[in-house]
2 protein chains.
Amino acid sequence: MPSSDPHSLHPLDNLLGYHLRRASVAMMADFGKRLQAIKLRPTEATILLLIETNPGCIQSDIGRILGIQRANMVPMIAALEKAGLIARSAMDGRSHALHLTEQGEETLQAAKTIIDAHENYFQSMFSADENKALLTSIHRISKPGD
Amino acid sequence: MPSSDPHSLHPLDNLLGYHLRRASVAMMADFGKRLQAIKLRPTEATILLLIETNPGCIQSDIGRILGIQRANMVPMIAALEKAGLIARSAMDGRSHALHLTEQGEETLQAAKTIIDAHENYFQSMFSADENKALLTSIHRISKPGD
DNA sequence: TATTGTTATACTCTATAACTATA
DNA sequence: TATAGTTATAGAGTATAACAATA
C-alpha cells in the first residue's frame, strides 16, 4: 500500500466526521456534568430556552426545531411539567401552549449561567476570529436547507 | 429582559455545543446511510480502519482509542468476526491479536471509497483554508490531553 | 385529509458492576 | 495488583407504527 494513501498513517486524523463526533461528545459530556447541579439534562435546558423565546409554542414546534420525533417529546414535556418548570394551557382541543412557570424561569436563569460558563470554557480555546469562523463553518454543516 | 441578552433572540444560535451536536448528527446520518450499502455501521468501519493500520492490536486498544468501554467492545468484535471480516489469534492467555481477513480487506476498501465520498461531500462546502482551520479547531476540542 | 398528542414497542448506544483468567 | 475479556443489566436516545381527537 502506497504511503500516500490518505487512510494509512493515522486513519482517522483527517476525518471531519470522526472529529466532529468526538468534539460533540466531549462538549455534551461537559455540559451534562455541569447541568447535574440543577438536575437538568441538556435537552431539557434547550427546551426551556426555546419556550422562553417562544412562549405559547406547542411541543410539536419544539420537536421540529430540535429534530426530535413527536412521540419522543411526550415524556420530556411531561417530565418538565411534573417538575413544575413548565405549564400547559389548552389552545385548541388538540394542542397545548407551553409557558415557563416561575420556578421554570428561575431554573432557566441558573441554566443560562451554566451555559455561559460551559460555552466560555470551550470558546476560550480560540481567538475571536477563530471562534467566528468555527461557528460559521459548523452552521453550514448543521443547517438543513443551506 | 434587555435586548442585549445573548440568549434571547435566537437562543441556540451562538451555542457552539448545540451546533456541534447538530452537525455531528447530520454527518453521522449521512455516513450511516452510505454504509448501509455494504452492511457496516460507522463504528464498525472505524474499527476496520484501525485494525488495518494497527494489525495485531487487541480490542482493548481499540476501545481506548475510540472511547468505547471494554464491555461494549465485546459484541462489536464478535459481530465483525462472525461476519468474517476479522480474525483473532491468541497472544497470551488473555488477549487476542486482531487482523483483517481477506474479506475484511475487501470490505474495508469499499468502506474507504464510501468514506472518501462522504468526507468530500461535506468538505466541499469549504475552501481548503476553511477546511484546515475547521479540522484544527475541532481537533482542539476533541483531543483529551491538549 | 393533515395535524396533535399519545401509547407501545424495539433497537442502538452507553455505563456499571461483577466475575474469570491471566500477567 | 493490574489487565483482558466476558456477562448481565440498566439507562438513555432514537425510530416506527398505530390510534383518538381535532382542525
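Below, read A as the first sequence line, B as the second, and so on, with proteins coming before strands; counting in each chain starts at 1.
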For [X] and [N], give me the distance from atom [atom1] to atom [atom2], rounded to whole Å.
X       : N      : atom1 : atom2 : result
B:Asp92 : D:dT3  : CG    : C1'   : 10 Å
B:Arg22 : D:dT14 : CZ    : C1'   : 13 Å
A:Glu44 : D:dG13 : CD    : C1'   : 13 Å
A:Gln36 : D:dA12 : CD    : C1'   : 13 Å
A:Lys39 : D:dA12 : NZ    : P     : 13 Å

Nearest-nucleotide pick for A:Arg94, side chain only, options being D:dA12, D:dA23, D:dG5: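 Of the options given, the side chain of A:Arg94 lies nearest D:dA23.
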Polar contact flag, side-chain donor to acceptor under 3.5 angstrom, B:Arg88-B:Gln59: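 Per modelled atom types, B:Arg88 and B:Gln59 side chains form a pair under 3.5 Å.
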Donor-acceptor side-chain pairing of A:Thr113 and A:Asp116 below 3.5 angstrom: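 Their side chains do not contain a donor-acceptor pair, so the 3.5 Å distance test is not met.
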side-chain N/O B:Ser60 vs D:dG5 OP1/OP2, d < 4.0 Å: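 Result: yes.
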Any donor-acceptor N/O pair, A:His19 side chain to A:Leu12 backbone, under 3.5 Å: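 Side chain of A:His19 to backbone of A:Leu12: a pair is present.
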Outermost DNA chain C nucleotides near chain A [under 4.0 Å, heavy atoms]: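 That gives a stretch of C:dA2 to C:dT14.
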Within residues 67-86 of chain A: residues closer than 4.0 Å to DNA chain C (heavy atoms):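 Correct list: A:Arg70, A:Ala71, A:Val74.
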Please determine whether a side-chain nitrogen of the Lys or Arg among [X] and [Y] lies less than 4.0 Å from a carboxylate oxygen of the Asp or Glu.
X        : Y       : result
B:Glu44  : B:Lys39 : no
B:Lys112 : B:Glu52 : yes
A:Arg64  : A:Asp61 : yes

Min side-chain heavy-atom separation B:Met76-B:Ile47 under 4.5 Å: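 Yes, close enough: below the 4.5 Å cut-off.
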Lys NZ or Arg CZ of A:Arg34 over A:Tyr121 ring: under 6.0 Å, within 45°: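 Yes.
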